[in-house]
Student: 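Once you've had a glance at the structure underneath, I'll fire off some questions.
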Amino acid sequence: MSISPYQEAGNLLQEVIVNRRGLKSAAFSGNKKKKGCSKSAYAQACKTLRHKGLLDQILNLNEGRLYKAVKVDDCKNQGLLYVLLFELLFGINQKIRGGGALKRYICKVETELRDAKQIVVGSSEDDDDNNNNILPAAFPRYVRINTLKDNSKNVIQLLQQQLPEDDEQGNSNIYRDRHVPNLLVLSPNSNIPWYKHPLVIEGHVVLQDKSSCFSALALVHGSGNAADDIGIADDGGCDFIDACAAPGNKTTHLAALVALARETNTTNTNHSAEKGKKKNKKNNKQHPAKNKSNIIFALDKSDTRIKILQDRVPNLVPSSPSATVEVQSLHEDFLNVMPDDPTYENVKAILLDPSCSGSGIINSIDRFYLDQQQQQAKKNNPSGGDEASSTPQKSRVQTIASFQRLALLHAMSFPNLKRIVYSTCSIHEEENEIVAASALHEHNARNDEYPDQKWKIVAPIALNGWTRRGHTDIQLSEDVTWTEEDAKSCVRVDGRKGDETNGFFVACFERKDTDNTATTTKEFDKTIIEEATTDNELRPLYDHEFQKINTEKPKKVQVPKKVEKDDSPVPTKGKSSKAPLKVKAKAPPANKKEDKMTKKRAKKSAWKVKQKEQKLMRMLKIESEKDDTGKTQKAKVQKKLKIVNDQITEVKEKGSPPVVTAAPPSNKKEEKVPKKKAKQTAWKKKRDEKKVKKMLKKNAEKSN
């Protein structure tokens, strides 16, 4: 039986469709003996899963006639069936390689499938809402600059070399985000292999979604003026806890923001100290050198995830004696950490991003497919299907929400804490507003006699420019209060409503006794932009320029990038400066390959001629030394000598040019012959002598 070339991708897709597994977990997790799937199979499964909504619409046309003709229900491997359908209708060649029963069923209705494709694709292109429901969202590529290792100027210059230049209309390929400092916005069709890029491997940039940057930004820049209210400006006077740290994007972002805040605060204190020198000389003793670093305790209870964190932190947060930030990765459960532990005595802020349902992540292909499947089940069975599909999901969300509430209550119990940021990548109210309101009410009710231990929800000044806020109408118990001001203080992100990033929720809590001198939004925006863009070359701010890009047409962007990549290494490898100016860039490597092959062939032919010549010369020497034979034998030897001489002349005439070129190095080598080669030559002489003796004996026996 012949195995289909799409079998691996089909098996991978079968795990997602039938067993409801995640695509990455099905591809890269499993038995230790089995290797991960190939890159081609994973890419093919991603493309097929991305178009599964379109394929389902094509099969369900005309009351599902094509669905029955292809025999989807009777198929043992539905993943392979969808891969074949994708290759036929949306593949590059629009053909199915190989054979098999599935191919025969599909090819019988090939014309009808193509006609149905034109109907479905045409209607989806006309209706933007329908197209958004069929295909997952394609957000811009967000690249966060790691300011602990590099600056924005160097990173932008390196990226501009690999991206096409800005056009005459002013459309740029690299933008600055208007809410998060040091975050670059690139086109979703940028044809850059990010996971192999040296900037990513060496830790100069981090591939991080925009919404996930909000939690660390809100923790460092709360409701007060920059970070003075939690003590970052002091000499290591503020430590942090990242309760669920792995894989480390938010942890390393927090480290970079703390270092930037500390630099800005130290420069301000130095300026004030210089002014005070004229009035009082004792100010030098009051402003000593700040050597103590702020510690970030990164906790995670998972064995596999903490290893990922421990591998990433040294690359992204360099350690040195002069470093102002230190990250300590600890394999611990946050719920088991004692608030009175002296290790965490200096902790003033906690970043709590616990595990959630992940309902806000919509650019992930497998998550998008599962959401679409649930929506289709509700449409097909509006009476009983709603309960069957939503009950397991609701129970799962409720169990997750109970854990999140416990984690938030545990964070509020730390006595010296001043700020907590609670965030999730979910859009469910049960995990967001309800958890924040219930935990806040429960903790404040317990500490009614201790007003200094109570908490309140505040609006982080760093995200004042973000317009989407929390929900007001939520289902709470009678005792719990949730005001409109509390809802406006929370930040919500929804990628389904045009935010161009995954769904997210942020709630910032502060002690009621903290006195914050809050700055206005305009003043903070000025400071945050100056911190992010200290270089002279400022990129324009992003204003939804990539929102109208159709992700199905990436070829226009890919063509100039491939040309630039092929031409960029030419000046470094070429010997002359005129090499890059040639129009035909692919001709020189082809000629170089041909030259190498001809040289190899010439050397091989010269070596063969040399071997033949040496062998014939040895035969001549052996036969000329034999004088004890009779007359008949001498005559035969003379004939043999003539034949050998003729062979030598023929070989020299045919291979004379390569022999002449190869002769000088051979003479040099013969002068310095090692012992092994000398033994080989002696052995060859003895072998030839034995051959001649046998030949002479046979001739003598025949003559007698």
Student: Tell me if the CG atom of Asp473 is crowded by more than 12 foreign heavy atoms within 6.0 Å.
Tutor: no

Student: Establish, from distance only, whether the side-chain atoms of Gln453 and Arg511 form a donor-acceptor pair under 3.5 Å.
Tutor: yes

Student: Compute whether any side-chain donor of one residue and acceptor of the other, for Asp341 and Thr343, lie under 3.5 angstrom apart.
Tutor: yes

Student: Can you measure from CZ (Arg446) to NE2 (His441) and round to the nearest 0.5 angstrom?
Tutor: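 It is 11.0 Å, given to the nearest 0.5 Å.
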
Student: Is it the case that atom CD in Glu345 sees more than 12 heavy atoms from other parts of the structure closer than 6.0 Å?
Tutor: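 Check fails, neighbour count at 12 or below.
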
Student: Among all residues two or more places apart in sequence or in another chain, which pass the salt bridge (Lys or Arg N to Asp or Glu O under 4.0 Å) test with Lys454?
Tutor: Asp448

Student: Nearest 0.5 Å, what's the CG-OG1 distance between Leu440 and Thr481?
Tutor: 7.5 Å

Student: With heavy-atom distances below 4.5 Å as the criterion, would you say the side chains of Arg405 and Ser438 are in contact?
Tutor: yes

Student: May I have the step-by-step check of side chain to side chain contact (heavy atoms under 4.5 Å, CB included) for Glu326 and Ile296, ending in yes or no?
Tutor: CA-CA 6 Å; Glu326 180 186 355; Ile296 300 174; over 6 Å; no

Student: Tell me, please, whether Phe403 has Lys301 positioned over its six-membered ring: NZ or CZ under 6.0 Å from the ring centre and within 45 degrees of its axis?
Tutor: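 The answer is yes, since Lys301 meets both limits relative to Phe403.
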
Student: Atom CG in Leu257, atom OG1 in Thr147: separation rounded to 0.5 Å?
Tutor: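 That separation rounds to 7.0 Å.
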
Student: Can Asp499 and Arg468 be counted as an ion pair, charged N to O under 4.0 angstrom?
Tutor: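 Answer for the salt bridge query: yes.
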
Student: When you compare the side chains of Ser489 and Asp486, does any donor N or O come within less than 3.5 Å of an acceptor on the partner?
Tutor: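 No donor-acceptor contact under 3.5 Å links the two side chains.
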
Student: Is a donor on one side and an acceptor on the other found under 3.5 Å between the side chain of Trp455 and the backbone of Met412?
Tutor: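 Here the side-chain-to-backbone pair exists.
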
Student: Indicate yes or no for a side-chain donor-acceptor contact from Arg176 to the backbone of Val185 under 3.5 Å, with no hydrogens or angles considered.
Tutor: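 Not a single qualifying donor-acceptor pair exists.
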
Student: Of all heavy-atom pairs between Ala507 and Phe505, which one has the smallest distance, and what is that distance?
Tutor: CB-CE2, 3.8 Å

Student: State whether a side-chain donor-acceptor pair under 3.5 Å links Asp242 with Thr251.
Tutor: yes

Student: Output yes when a side-chain donor or acceptor of Asn146 lies under 3.5 Å from a complementary backbone atom of Val205, and no otherwise.
Tutor: no

Student: How close do Pro247 and Arg312 get, counting heavy atoms only, and between which atoms?
Tutor: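 That closest heavy-atom pairing would be O-NH1, 3.3 Å.
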
Student: How far apart are the C-alpha atoms of Lys210 and His179, what are their side-chain angles, what is the distance that settles it, and do they pass the side chain to side chain contact (heavy atoms under 4.5 Å, CB included) test?
Tutor: CA-CA 9 Å; Lys210 175 181 177 178; His179 301 103; 3.0 Å; yes

Student: Would you call Leu186 and Tyr542 a side-chain contact if the rule is heavy atoms closer than 4.5 Å?
Tutor: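 No, every pair of side-chain atoms sits at 4.5 Å or beyond.
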
Student: I need the minimum non-hydrogen distance between Cys244 and Asp300, along with the two atoms involved.
Tutor: C-OD2, 3.9 Å

Student: How far apart are the closest heavy atoms of Ala255 and Val317, and which atoms are they?
Tutor: CB-CG2, 4.1 Å

Student: Dump the intermediate steps for salt bridge (Lys or Arg N to Asp or Glu O under 4.0 Å) on Glu433 and Arg492, then the final yes or no.
Tutor: CA-CA 10 Å; Glu433 288 90 353; Arg492 262 189 174 270; 2.7 Å; yes

Student: Treating Arg469 as the side-chain partner and Ala487 as the backbone partner, does any N or O pair qualify as donor plus acceptor under 3.5 Å?
Tutor: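 It does not hold such a pair.
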
Student: Test your reading of the model: is there a side-chain donor-acceptor pair from Trp466 to the backbone of Val493, 3.5 Å cut-off?
Tutor: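 Here the side-chain-to-backbone pair does not exist.
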
Student: Between the side chains of Thr424 and Gln404, does any donor sit under 3.5 Å from an acceptor?
Tutor: no

Student: First locate atom CG of Asp239, then atom CD1 of Ile295, and finally report the distance between them rounded to the nearest 0.5 Å.
Tutor: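 That separation rounds to 4.5 Å.
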
Student: So, for Tyr175 and Phe546, is the gap between ring centers shorter than 6.0 Å?
Tutor: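 Yes: the rings meet the under 6.0 Å criterion.
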
Student: Quick check: closest heavy atoms across Ser423 and Val506, and the distance to 0.1 Å?
Tutor: CB-CG2, 4.2 Å

Student: Should Thr501 and Asp209 be marked as a side-chain hydrogen bond (donor to acceptor under 3.5 Å, both in side chains) after you check the CA-CA gap, both sets of side-chain angles, and the distance that decides it?
Tutor: CA-CA 7 Å; Thr501 182; Asp209 198 21; 3.0 Å; yes

Student: Going from CD on Glu431 to SG on Cys425, what distance comes out if it is rounded to the nearest 0.5 angstrom?
Tutor: 8.0 Å

Student: For side chain to side chain contact (heavy atoms under 4.5 Å, CB included), just list the numbers for Leu184 and Tyr142, CA-CA rounded to whole Å, side-chain angles, deciding distance to a tenth of an Å, and then say yes or no.
Tutor: CA-CA 6 Å; Leu184 301 179; Tyr142 295 101; over 6 Å; no

Student: Would you mind reporting whether Ser357 and Ile427 have side-chain heavy atoms less than 4.5 Å apart?
Tutor: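 Side-chain contact under 4.5 Å: no.
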
Student: With a 4.5 Å limit on heavy-atom distance, are the side chains of Leu352 and Val421 in contact?
Tutor: no

Student: To check you understand the geometry: which heavy-atom pair defines the closest contact between Gln208 and Arg144, and what is its length?
Tutor: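 Smallest heavy-atom distance, with atoms named: OE1-NE, 2.7 Å.
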
Student: Decide yes or no on side chain to side chain contact (heavy atoms under 4.5 Å, CB included) for Leu409 and Glu442, but give the supporting numbers first.
Tutor: CA-CA 8 Å; Leu409 284 170; Glu442 186 175 351; 3.4 Å; yes

Student: Within the structure provided, determine whether Ile306 and Gln310 are in side-chain contact (heavy-atom separation under 4.5 Å).
Tutor: yes

Student: Rounded to the nearest 0.5 Å, how far apart are CD1 of Ile350 and CZ of Phe240?
Tutor: 11.0 Å

Student: With distance as the sole test, does Asp177 use its side chain to make a donor-acceptor pair with the main-chain N or O of Asn182 at under 3.5 Å?
Tutor: no

Student: Are the charged groups of Lys149 and Glu202 less than 4.0 angstrom apart, N to O?
Tutor: no

Student: Looking only at atom types and distance, does a side-chain atom of His443 sit under 3.5 Å from a main-chain N or O of Ser413, one as donor and one as acceptor?
Tutor: no

Student: How about Ile145 and His204: do any of their side-chain heavy atoms sit closer than 4.5 Å?
Tutor: no

Student: Would you say the side chain of Val206 lies within less than 4.5 Å of the side chain of His253, judging by non-hydrogen atoms?
Tutor: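 Side-chain contact under 4.5 Å: no.
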
Student: When you check the side-chain N and O atoms of Ser359 and Ser426, is any donor under 3.5 Å from an acceptor?
Tutor: yes

Student: Is the side chain of His428 donor-acceptor paired with the backbone N or O of Cys356 at a distance under 3.5 Å, no angle test?
Tutor: no

Student: Would you check if the distance from the ring center of Phe504 to the ring center of Phe214 is below 6.0 Å?
Tutor: no

Student: Cut-off 3.5 Å, side chains only: do His331 and Asp303 have a donor facing an acceptor?
Tutor: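 Yes, because at least one side-chain N or O of His331 sits under 3.5 Å from a partner of the opposite role on Asp303.
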
Student: Is there side-chain contact between Glu263 and Leu260, with at least one heavy-atom pair below 4.5 Å?
Tutor: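 The answer is yes; the side chains approach within 4.5 Å.
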
Student: Look only at the side chain of Glu545 and the backbone of Asp543, and say whether a donor-acceptor pair between them is shorter than 3.5 Å.
Tutor: yes

Student: Would you say the side-chain atoms of Ser215 and Asp353 include a donor-acceptor pair closer than 3.5 Å?
Tutor: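 Absent: no donor and acceptor within the cut-off.
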
Student: Do Arg419 side-chain atoms and Val220 backbone N/O form a donor-acceptor pair below 3.5 Å?
Tutor: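 It does hold such a pair.
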
